[in-house]
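Worth saying up front: this structure is predicted, and the values here are computed from it rather than measured.
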Amino acid sequence: DNAQNLSIIGSMVSFTVPDETAVLADFYRSQMEVASYQLVEEIIYEGSYAFTYQKAEEIITILITQVDNNGSDATIIVEVE
C-alpha cells in the first residue's frame with residue numbers, strides 16, 4: 001500500500017517503503033507462507049535480507065535493504081524454470 005518509487009523491468013519489481021527492513025521482511029515471510037511458497041534460502045546481514053522461495057517451477061527472490069531514512073528498498077525477481 002505504501003510503496004514509492006515503483007519500477008518494473010521485465011520480471012523484476014523494485015520499490016521503496018517507509019517501513020524498517022525487519023518489518024518488511026516479516027511481511028514477506030508471512031505472505032509467502034500463506035501463498036504456499038517454500039523457503040529455499042534466507043540470508044540476513046547487517047539489517048539486509050535476501051530470501052529465495054519456490055513453488056513448483058517458480059522461484060522468487062526478495063532482496064530488502066535499508067535506506068538512509070529508516071525506510072527500505074525492496075527488489076523482487078520472479079523466475080520460471
Could you tell me whether a side-chain N or O of Ser72 sits under 3.5 Å from a main-chain N or O of Thr21, the two making a donor and an acceptor?
->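 Flag set: sc Ser72 to bb Thr21 pair under 3.5 Å.
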Has the side chain of Gln54 got a donor or acceptor atom that lies under 3.5 Å from a matching backbone atom of Ala56?
->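 A pair under 3.5 Å: yes.
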What residues, two or more places apart in sequence or in another chain, satisfy salt bridge (Lys or Arg N to Asp or Glu O under 4.0 Å) together with Glu42?
->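 Glu42 satisfies salt bridge (Lys or Arg N to Asp or Glu O under 4.0 Å) with Arg29 only.
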On the 0 to 90° scale, with breaks at 30° and 60°, tag the Tyr53-Phe51 ring pair as parallel, tilted or perpendicular.
->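 Correct class here is tilted.
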Residue pair [X] / [Y], side-chain heavy-atom distance below 4.5 Å:
{"X": "Ile59", "Y": "Thr52", "result": "yes"}
{"X": "Tyr37", "Y": "Ile60", "result": "yes"}
{"X": "Thr65", "Y": "Tyr49", "result": "no"}
{"X": "Ser7", "Y": "Val13", "result": "no"}
{"X": "Gln4", "Y": "Leu6", "result": "no"}

Give a yes or no on whether [X] and [Y] share a hydrophobic cluster (residues Ile, Leu, Val, Met, Phe, Trp, Tyr; joining criterion: side-chain heavy atoms under 4.5 Å apart).
{"X": "Ile64", "Y": "Ile8", "answer": "yes"}
{"X": "Phe27", "Y": "Val23", "answer": "no"}
{"X": "Ile9", "Y": "Val80", "answer": "no"}
{"X": "Ile44", "Y": "Leu24", "answer": "yes"}
{"X": "Leu63", "Y": "Tyr45", "answer": "no"}

Quick one: closest heavy-atom pair of Ile43 and Glu41, and the distance?
->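 Nearest pair, atom of Ile43 first, then Glu41: CD1-OE2, 3.6 Å.
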I would like to know whether Thr75 and Phe15 meet side-chain contact (heavy atoms from CB on, under 4.5 Å); could you show each step before the answer?
-> CA-CA 7 Å; Thr75 301; Phe15 55 90; over 6 Å; no
Contacts of type side chain to side chain donor-acceptor pair (under 3.5 Å), residue Asn70, not counting sequence neighbours |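 Applying side chain to side chain donor-acceptor pair (under 3.5 Å) to Asn70 gives Gln66.
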Residue pairs, two or more places apart or on separate chains, that pass salt bridge (charged side-chain N to carboxylate O under 4.0 Å, His left out) and touch residues 57-79 |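 Output for this query is empty, none listed.
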To the nearest 0.5 Å, tell me how far Thr16 OG1 sits from Asn5 CG.
->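 It comes to 4.5 Å.
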